[in-house]
*Asks:* 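Dumping the structure here so I can ask a few things about it.
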Amino acid sequence: MLITDGPNGEKHLLDVLIGAADTAPDQTTVHVRGDGTERLVTHRQLRDDALRVAGGLHDAGIADGTPVILLADAGDDFQPMFWGTLAAGLVPVPLPPEPTRVAGVRDLLGGVPVIVDDVCAAVARTAGAPALHLDKLRADGRAPHRVPEPDPDDPAFLQFSSGSTGTPRGVELRHRNVLANLWQIGQAAALTADDVSVSWMPYFHDMGLIGTHLAPLAARLRQVRIGPLTFAKRPLLWFTVAHRHRATLLSAANFALALAVRRVPADALAELDLSAVRLMMVGAEPVSPVVWRAFVERTRPAGLDPRALQPVYGLAEATLAVTVPPLGETAVPVAVDRAALSDGQVLPCAPGPDSVEVMDVGRPVPGCQVRIVDGRGRIRGDRQVGEIEVRGPNVAPGYRGDVAATAQVFVGGWLRTGDLGFLRADGRLCVTGRAKDVVFANGRTFHAVDLEEVIAGTPGLPVGRAAVIGCTDPATGTERIVAFVQWARPPAATADAVLRQTATRLVEATGHDQVRVLPVPAGAFARTTSGKLRRRRLRERYAAGDFAAVEQQWVNSSIANLPGSRVGSRSDVEELVRQVWAAVLCRPVDEIGLHDRFPALGGSSLQAMEVLARLEDALGRTLDPAELRERATVAALADHLIAPAAPRPVPPPAPRPGHVLPPATAAVIGLSCRFPGAATPEEFWLRLIEGRDSVGEVPPERWWPVTGPVTGSVTRRGAFLADPAGFDAGFFGMSDEEAVQTDPHARIFLELAHEALERAGYAGPRRHGRRVGVFAAVGESGYPELMRTHADGDDRATTLVGNLRSLVPARVAQALDLTGPAIAVDTACSSALVALHLAVRSLRDGECDLAVVGGVHLNLTPTGHQLLADAGAISPTDGAGCSTRRRTASCRVRAAPCWSWPAPRTLTPPGTRCWRWYAAPRSTTTAGR
């Protein structure tokens, strides 16, 4: 099948963004920050931002076709960086923010330019690379008069293997390769504009960039992105964001499934609803059946359909996707005989100690071919193991500037993947292992020979052979790195320290904590007749348990426990840090010294995120990854933790009493609402852009059955909430009886205030120490009238307090432990504006640091409606065809809107508007919608 264009007829990659901005300009990408806030960027805004960056790059005088390294911590910085580079006629090179990687790639490419955001500027300096700053490019650049129209065979961008520690190898993807794979992914995954993708995968990884940004953008669907470090620190956030945004598409690597099983509590998942997820692609590294089953069981209470999970196969040299299973089927591991498999034959059998389980990764995507060959390139039959080769329009032409590697891997139009596998009778692929000497760790790929060079220089390690392999932990299903070093008789007194140091060097090089270093005699290193090291044979022997005794002797697996208490003194802090490190590193506490470096103890980047999460929980403060990276010992980290927290730019220090801030210094940082037909701001916005009318017939359970028919000329149309009485009383510390006696105005406003604070990232400890004011626009609901008719009268005091409008904001302050003014406003039609005015004035006058302002209005009885109808103030057209603020508007229609947002004082320059959104859901469900 010849694929020449993208999913929408695009001729080059830049057409994907331009087309999205033209056909779906208001579709959004939601960027979830580490502090819980969110930022929404529309396709139109992304295009305009990218064009400004392109203008800045033109002004910098960079020649067309020049590769440009991109370093960005935040997704909303990377995206305009990537597209702006393309729009300037340059070739993007996404890289992880690691100085050694940046320096190596930059040298390979001939000292090319580097673009950085604020966070990654230090990485470029450490790598010795002069950098262009994104903010300056944005500020100084003007959109070019025309954008380039590259040839389909021109380079689109370069993909470097994500974990190479030696000579970098960059895959040169042409525009036609990328467009073809976007079409293939869209077809295989049945992507539509109605889908919602939630991902944490980094954009310097092919699955992150192509699978979770380019393909969704081509499909015009909504993207929600969490930062990779945020996910590593708080993996539950991935699921809570998916719950809130009703995600239909997820993607992950095997290590992420294992991380979720290990660190996401089952009871937390049970409170979420993931039933909207229709597809979750799992790839980037070998998929473990053990982890697969554990993840399916862990997420079952959240309603995640097991049929949604699909193991997929792909690689950077094929752009991304190679095989995807048919949608809607349940993935089941395939059990084959272990002995037969080692002989290259596939013999199905029942699962057991003599079997090996592999995952079926589906059929080739449309237009792509897969075949299995032996060592001489001859085609193998069905159920015969061999090397996997791939051909199709998505396969790249080769590696940038590496003619020898290109000739070795891209042969006769086929891509030699270096992976082993077999085809089932129906053409479906199963991957069984690796022919090439690579190691997978946390979704990244490392070459074994590079890692062997890393450990060769370990002080005290005898000169001799070394071999590094990757394998799967049979108990946990996670990837493990095993290094064999030639050391026949290691002395008990000194060898342990040397082996630990060797393991530390591997941890630091890979960021992976599952590392074993085993001393073995020279005879253990199998070689071919030509003298080449047979790492595959070592892997087979390790999997068979041949080195179990050596591993038991030299690998310590003690586990320590962690107390969960807050601390204050220096000794308390030091002890807390030691206990956290011990628990995360699975070491006894007495092995953690005050001046031991975290990486030297075997700590990986993922474990560092878990350390930060545990310390945040214990200390009630937010910690940045740099705080552990820059203070890698217990003593240094304790010094930092007991010192007063450095002031952060947001929020700023409180002003002096009476000090008035300048105008335009309040920012809306979150929003919640319950409108007729819309339970969230996102749903409300969708109704607006679709022009949908919320006015309809009065629900049959409203008004008429309660108080009898309404007399006179009155319409039976309006806009109403579906269930204004729904309320999770227990979440807010109220009994069901107290909730019934409380006006729904107060209940809904309490829910919305909490949700708005949560969307803004201030629902937890972050708001402690800040004065939070509450300003509520609230009128009559009619509930006291209902209570007089139907209340049993047992607790008139509770009924009285629960129905005083003046206490609506005070109830919020009491329930959420807020300290600041609590003011109820009722100035008829201007109530909401007056409440907002008072909130902003309170912020400017320094009365509060954060203000929650909102309004609530319900029509629970027909009394007010009757009075307005008698006065001629109700639309005689029954509210049909609403025409707000138009000449055709005839009169008003009764409705029930409820909304709330928090606004902080900020040092934003005058005239700047700040909008931030938060997507983590509450830890409970609420029926009031």
Side-chain angles (χ1 to χ4, degrees), residues 2-21 46-47 50-51 53-54 57 62-70 72 78-95 105 108-109 112-113 115 144 147-162 168-186 203-219 314-322 365 367-368 392-402 406 410 415:
L2 180 63
I3 304 173
T4 59
D5 299 337
N8 308 287
E10 297 93 343
K11 301 300 182 182
H12 53 79
L13 184 55
L14 190 58
D15 277 346
V16 173
L17 174 62
I18 294 173
L46 175 57
R47 177 202 60 194
L51 291 178
V53 174
L57 290 170
I62 304 173
D64 288 352
T66 300
V68 178
I69 294 173
L70 310 182
F78 176 87
Q79 290 182 1
M81 201 183 278
F82 177 84
W83 292 109
T85 304
L86 279 173
L90 308 175
V91 180
V93 185
L95 287 182
V105 171
L108 178 73
L109 297 177
V112 297
I115 306 177
V147 296
E149 296 185 3
D151 187 87
D153 283 321
D154 286 343
F157 59 92
L158 304 184
Q159 285 193 143
F160 280 84
S161 55
S162 58
R169 183 180 291 180
V171 180
E172 185 174 271
L173 293 175
R174 295 176 178 174
H175 287 271
R176 61 177 174 84
N177 300 136
V178 182
L179 292 178
N181 208 217
L182 294 183
W183 182 87
Q184 292 168 324
I185 293 170
Y203 285 146
F204 57 76
H205 191 284
D206 54 357
M207 196 167 179
L209 175 57
I210 300 166
T212 72
H213 177 54
L214 300 186
L217 189 65
L315 62 166
E317 288 84 351
T319 304
L320 174 61
V322 172
V365 294
C368 188
N394 52 316
V395 174
Y399 299 108
R400 178 85 170 203
D402 196 334
T406 298
F410 300 85
L415 165 64

*Asks:* Could you walk me through whether Glu10 and Leu182 satisfy the side-chain contact (heavy atoms from CB on, under 4.5 Å) test, starting with their C-alpha distance in whole Å, then the side-chain angles of each, then the deciding distance to 0.1 Å, before giving a yes or no?
*Replies:* CA-CA 10 Å; Glu10 297 93 343; Leu182 294 183; over 6 Å; no

*Asks:* Before giving the answer on side-chain contact (heavy atoms from CB on, under 4.5 Å), spell out for Leu17 and Leu46 the whole-Å C-alpha distance, their side-chain angles and the decisive distance to 0.1 Å.
*Replies:* CA-CA 8 Å; Leu17 174 62; Leu46 175 57; 3.8 Å; yes

*Asks:* Who pairs with Asp5 by side chain to side chain donor-acceptor pair (under 3.5 Å), at least two apart in sequence or on another chain?
*Replies:* Lys11

*Asks:* At what distance, to the nearest 0.5 angstrom, does CG of Asn177 lie from CD of Glu172?
*Replies:* 9.5 Å

*Asks:* Listed by chain and number, what are the ring pair (Phe, Tyr, Trp, His ring centres under 6.0 Å) partners of Phe78, not counting sequence neighbours?
*Replies:* Phe82, Tyr203

*Asks:* According to side chain to side chain donor-acceptor pair (under 3.5 Å), who are the partners of Asp154, at least two apart in sequence or on a separate chain?
*Replies:* none

*Asks:* Give the C-alpha distance, both sets of side-chain angles, the deciding distance and a yes or no for side-chain contact (heavy atoms from CB on, under 4.5 Å) between Leu70 and Phe157.
*Replies:* CA-CA 11 Å; Leu70 310 182; Phe157 59 92; over 6 Å; no

*Asks:* Could you go through Asp206 and Leu315, starting from their C-alpha distance and side-chain angles, then the distance that decides it, and tell me whether this counts as side-chain contact (heavy atoms from CB on, under 4.5 Å)?
*Replies:* CA-CA 8 Å; Asp206 54 357; Leu315 62 166; 5.6 Å; no

*Asks:* Could you measure the distance from the CD1 atom of Ile18 to the NE2 atom of His12? Nearest 0.5 Å is fine.
*Replies:* 6.0 Å

*Asks:* For the atom pair CG (Leu217) and CD (Gln79), what is the distance rounded to the nearest 0.5 Å?
*Replies:* 8.0 Å

*Asks:* Is Asn394 reaching over with its side chain to a backbone N or O of Leu320, donor-acceptor style, under 3.5 angstrom?
*Replies:* no

*Asks:* If you look at every heavy atom in Pro113 and Pro67, which pair is closest and at what distance?
*Replies:* CD-O, 3.6 Å

*Asks:* Tell me whether Gln184 contacts the main-chain N or O of Val365 through its side chain, where contact means a donor paired with an acceptor under 3.5 Å.
*Replies:* no

*Asks:* To the nearest 0.5 Å, tell me how far Asp15 CG sits from Glu149 CD.
*Replies:* 7.5 Å

*Asks:* Could you list the residues that satisfy side chain to side chain donor-acceptor pair (under 3.5 Å) with Arg174, not counting sequence neighbours?
*Replies:* none

*Asks:* Under a 4.5 Å cut-off applied to non-hydrogen side-chain atoms, are Leu51 and Val147 in contact?
*Replies:* yes

*Asks:* Sequence neighbours left out, cut at 3.5 Å: what donor-acceptor pairs do the side chains of residues 83-95 make with other protein atoms?
*Replies:*
from: Trp83; atom 1: NE1; to: His213; atom 2: NE2; distance (Å): 3.0
from: Thr85; atom 1: OG1; to: Met81; atom 2: O; distance (Å): 2.6

*Asks:* Flag the pair Tyr399 / Phe410 as yes when their ring centroid distance falls below 6.0 Å, and as no otherwise.
*Replies:* yes

*Asks:* Are side-chain heavy atoms of Leu57 and Ile115 found at a separation under 4.5 Å?
*Replies:* yes

*Asks:* Sort out for me which residue in Ile62, Val105, Val68, Ile69 forms a side-chain contact (heavy atoms from CB on, under 4.5 Å) with Val112.
*Replies:* Ile69

*Asks:* Can you list the residues that meet the side chain to side chain donor-acceptor pair (under 3.5 Å) rule with Asp153, with sequence neighbours excluded?
*Replies:* Arg176

*Asks:* Just wondering, do Asn181 and Leu173 contact through their side chains at under 4.5 Å, heavy atoms?
*Replies:* no

